[in-house]
Engineer: 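Please see the structure below; I have some questions.
Residue numbers begin at 1 in each chain, while the letters A, B, ... track the order of the sequences.
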Amino acid sequence: MTRLQEEVKRFLEIYSNQKGIEQQPFPPIQVQIPPADMPGHFTLVLFPLLPKLKAKPDELGKDLANHLMHVGLPIDTWEVVKGFLNLRLTTLFWMEQLDAMWQDSTVSKAPAQEGPTVIMEFPSPNTNKPLHLGHLRNIFLGTSLARILEASGYRVVHTNLYNDRGTNISKSMAAWLNSSDRLTPESSGMKGDHLVGHYYVQFAEALKQQISEAKAAGLDEDQASKMVPLAKQVEELTLAWEANDADVRQVWETMNSWFYQGAEQTFARLGVYFDRVYKESEVYDLGRQTVSRGLEMGVFYEKPDGSVWINLEDIGLDHKLVLRSNGTTVYMTQDLALAYQKLADFGQASFFDEVGNEQDYHFKVLFEILRRLGLAQPEGLYHLSYGMVELPSGKMKSREGTVVDADDLLEELKEMARAKADEQGRLNHLPRTEQERVWESIGQSALRYFMLRVDPKKRMVFNPEESIDFQGDTGPFIQYIHARCASLLRNAEGMQFHPAAVKTLDYVPDEMELNIIRKMQEFPTAIHQAAKEYSPSIIAHFVYELASAYSAFYHGHPVLAESQQNARQFRLSLTRAVQLHLNRALHLLGMEAVQQM
RNA sequence: GGUCCCGUAGUAGAAUGGAUACUACGUAAGUCUCCGGAACUUAAGAUACAGGUUCGAUUCCUGUCGGGACCA
């Protein structure tokens, strides 16, 4: 519809000249899709122009419509209603659109290999416990956004940062060292990341016990949590790690390797991959170099005690510490070092970090420092801040075991999909491995769609019993419509029917059929908007509306059973186009479309 | 003390400052001689409160109340 916009602009020039109004920047004309019960296909909002042009809406609308028709836009009818110019386009135009969709690159799957580079980083887990529901939201958002950005012409590099050192992993280590069994994945039969998490929880329980004993002995909360033997042990382990103690490093390496094995298994199940994996332990030392560079540039300053700071008062923040007086780095320092490392690895690029909104403040500071160090342009930095996932009982806490484990949940969803599929019995003829794939896809669709249809920054409450639905505005519904289309097209093949070029058909589609074409025609716009706003939910809404429109059409319109040949041809073509669009949109949401379910 | 995010039917969500606020679940009533009923049709039900800007405010601004996060 760029043509429409150009012609509107040209009209405004002519019109204002005629009226003797000086050329002035007009507000860009808004082209919108009118509400469903309005007659037009597109609507132009005239209000903003009226004062400047000193015109009445009816006259302006009439002149504009006449101009557009005069220059040959495919306008069938038009009318002005309350300052909106509604345009109805010709049937031929829509038929041509449908034919053009086959060639459209947005429907084909090849992502661009060129274009500006975006370095995405997610989900950046700690290595002391397995992935949970919050990581799943992170991963679903990240995978989907990566695909949406690729579809919009970016080259996306996937990176992940393992927070593999520090207090938390020391806790798991302490519990393992103190345990009598010292289990391994082999001896316990547990998935590695779950085993590490098991010790983490064990530590938390033991620590709690010691603290309450200490409190009973008269210490206050603060003292107790520092003085207790386990707390000291963790501190010692962390120091020993930093001092490169061989024994501690050995245990650390081993337990982390268990974690990686487990986490990688989950990533594989979710179809996540990384072009480059970073570890906090590896960028740890780089931090200090970063600090000295910042000092040379005058971005940081040193206090008499040797600690290094940055003054951010001029942007309404305070002074932030970047290096402690004892020379150890802080979280911020490591993120700065990581930025240097990424630039060295990938060259000039945008940073796109996906981290929960509890770290909004941290990222605000981090990005400001990166700018001052000249590492990035403001527009090249983006923090996708997403809301926490909570349970009806409140915030999830791994320490207390009140988390929804990612692996458990995925398994549960697959089981739900299996139960439903068994009830239908349509997959029975497939080999077991194929059935499993379908169950997995449907189960994941349910969860991915549930999380992606929501604005990323909103906090969400996940109720394990009630949240996942397979009916209505859900992933399985979209999959269902897709599978139906696929099934129809399979049957058509058996009957020797084929989709055809529709513009040559002697057939006039009805409103429902036209609506489906109109919907599909919005797809490229939806992708661009989703990329611009970093919001997969736009794709989710698009795909639901398309599926829903097709479903309504399907009930009243025979396709293969249609006796009139032109109608049949048209509907088959329409079905094929819908199937492609659903498939492509599901892909952008990180889902795999199934052929039957 | 400071900063940030969020308040839309019973529930979960949608709406670049645009038309009568759009869906789904649930509830109620219907549809099936037919290509996949995980479907379709219909009904009831909501913008926290008070101001302001605007031709027009769920959206922007100010304040109040409520929920959440972070910094010190």
Side-chain angles (χ1 to χ4, degrees), chain A residues 27-28 30-32 34-38 40 43-48 50-51 57 81-84 86 312 315-321 356-365 385-388 390 392 394-395 416-417 419-421 423-426 442 445-446 449-463 466-492 494-495 497 525 529 532-533 537-538 540-542 544-545 547-548 550-562 568 571-572 575 596-597:
Chain A
Q30 302 172 60
V31 181
Q32 298 180 350
D37 51 348
M38 297 309 253
T43 194
L44 301 173
V45 186
L46 303 177
F47 296 107
L50 299 178
V81 186
K82 295 197 290 185
F84 298 93
N86 290 320
L312 296 175
I315 58 159
L317 305 173
D318 47 15
H319 293 242
K320 295 296 299 182
L321 178 74
N357 63 10
E358 54 198 351
Q359 294 190 34
D360 283 358
Y361 187 85
H362 173 80
F363 272 86
K364 205 168 158 186
V365 173
S385 154
Y386 64 94
M388 296 289 101
E390 294 181 12
K395 202 174 173 181
M416 282 169 73
K420 185 76 185 168
E423 193 183 307
Q424 305 279 335
R426 243 189 283 274
I442 300 301
S445 303
Y449 191 88
F450 174 80
M451 300 193 121
L452 290 179
R453 65 194 272 267
V454 182
D455 184 335
K457 66 171 177 269
K458 286 199 176 170
R459 202 159 57 91
M460 70 162 60
V461 176
F462 184 84
N463 185 333
E466 291 171 15
S467 290
I468 291 303
D469 214 324
F470 283 25
Q471 283 165 12
D473 186 5
T474 67
F477 170 74
I478 320 271
Q479 290 275 16
Y480 174 73
I481 302 302
H482 176 269
R484 244 185 181 183
C485 291
S487 165
L488 197 66
L489 292 163
R490 277 195 302 271
N491 293 339
M495 298 163 105
F497 298 148
T525 316
Q529 207 190 335
K532 209 174 106 199
E533 295 176 23
S537 67
I538 292 165
H541 295 300
F542 167 83
Y544 176 70
E545 278 174 18
S548 183
Y550 183 82
S551 191
F553 149 84
Y554 185 89
H555 271 262
H557 298 70
V559 181
L560 299 178
E562 170 62 48
R568 191 173 62 225
R571 289 174 191 166
L572 267 176
T575 300
Q596 47 197 317
M597 58 192 276

Engineer: So which heavy atom on A:P48 is nearest to which on A:Q30, and how close?
Structural biologist: CG-NE2, 3.9 Å

Engineer: Check every strand shown and say whether A:P51 touches a base, only sugar-phosphate, or nothing at a heavy-atom separation below 4.0 Å.
Structural biologist: nothing

Engineer: Identify the 5'-most and 3'-most nucleotides of RNA chain B with at least one atom closer than 4.0 Å to a non-hydrogen atom of chain A.
Structural biologist: B:U3 to B:A72

Engineer: Taking atom P in both B:A28 and B:C61, what distance in whole Å separates the two?
Structural biologist: 43 Å

Engineer: Any base atoms under 4.0 Å from A:Y361, or only sugar-phosphate, or nothing? Heavy atoms, all strands.
Structural biologist: sugar-phosphate

Engineer: Indicate, with a heavy-atom threshold strictly under 4.0 Å, whether A:K420 touches base, sugar-phosphate, or nothing.
Structural biologist: base

Engineer: Any side-chain donor paired with an acceptor under 3.5 Å for A:Y550 and A:T575?
Structural biologist: yes

Engineer: Across the strands shown, which category fits A:N463 at heavy-atom distances under 4.0 angstrom: base, sugar-phosphate, nothing?
Structural biologist: nothing

Engineer: Considering every strand and a 4.0 Å limit on heavy-atom distances, what is the contact class for A:F470: base, sugar-phosphate, or nothing?
Structural biologist: base

Engineer: For a quick test of reading the model, state the closest non-hydrogen atom pair linking A:P57 to A:G83 and the distance between them.
Structural biologist: CB-CA, 3.9 Å

Engineer: Which part of the nucleic acid, if any, lies within contact of A:S487, taking any heavy atom under 4.0 Å across all strands shown: a base, the sugar-phosphate backbone alone, or nothing?
Structural biologist: base

Engineer: If you look at every heavy atom in A:F450 and A:V461, which pair is closest and at what distance?
Structural biologist: CZ-O, 4.4 Å

Engineer: Looking for any heavy atom pair under 4.0 Å, which part of the strands does A:Y554 touch: base, sugar-phosphate only, or nothing?
Structural biologist: base

Engineer: Nearest heavy atom decides the nucleotide; on that basis, is A:R484 or A:M388 closer to the 5' end of RNA chain B?
Structural biologist: A:R484

Engineer: Taking any heavy-atom pair under 4.0 Å as a contact, classify A:A483: base, sugar-phosphate, or nothing.
Structural biologist: base

Engineer: Over 60° means perpendicular and under 30° means parallel, so classify the ring planes of A:F47 and A:F84, tilted if in between.
Structural biologist: perpendicular

Engineer: Give each stem of RNA chain B as a range with a range, requiring at least 3 consecutive Watson-Crick or G-U wobble pairs whose two distances are under 3.5 Å.
Structural biologist: B:1-7 with B:65-71, B:10-13 with B:22-25, B:27-31 with B:39-43, B:48-52 with B:60-64

Engineer: Tell me the closest heavy-atom pair linking A:P476 and A:A446, and the distance in Å.
Structural biologist: CD-CA, 3.6 Å

Engineer: Can you name the closest pair of heavy atoms from A:N357 and A:K457 and give their distance?
Structural biologist: ND2-O, 4.1 Å

Engineer: If every non-hydrogen atom of A:P34 is compared with every non-hydrogen atom of A:M38, which pair is closest and at what distance?
Structural biologist: CB-CB, 3.9 Å

Engineer: Base, sugar-phosphate alone, or nothing: which one does A:Q596 contact when heavy atoms must sit under 4.0 Å apart?
Structural biologist: base

Engineer: Over all strands shown, is A:T43 touching base, sugar-phosphate only, or nothing at heavy-atom distances under 4.0 angstrom?
Structural biologist: base

Engineer: Reckon A:M38 touches a base, only the sugar-phosphate, or nothing at all at heavy-atom distances under 4.0 Å?
Structural biologist: base

Engineer: Within the structure shown, what part of the strands sits under 4.0 Å from A:E533 by heavy-atom distance: base, sugar-phosphate, or nothing?
Structural biologist: nothing

Engineer: Scan side-chain atoms only and decide if A:S385 and A:D360 contain a donor-acceptor pair under the 3.5 Å cut-off.
Structural biologist: yes

Engineer: Across the strands shown, which category fits A:P48 at heavy-atom distances under 4.0 angstrom: base, sugar-phosphate, nothing?
Structural biologist: base

Engineer: Quick one: on RNA chain B, does A:E390 or A:Y480 contact a more 5' nucleotide (nearest heavy atom)?
Structural biologist: A:Y480

Engineer: Quick check with a 6.0 Å cut-off and a 45 degree axis cone: is A:R453 positioned over the face of A:Y544's six-membered ring?
Structural biologist: no

Engineer: Counting any heavy atom closer than 4.0 Å, what does A:H482 reach on the DNA or RNA strands: base, sugar-phosphate only, or nothing?
Structural biologist: nothing

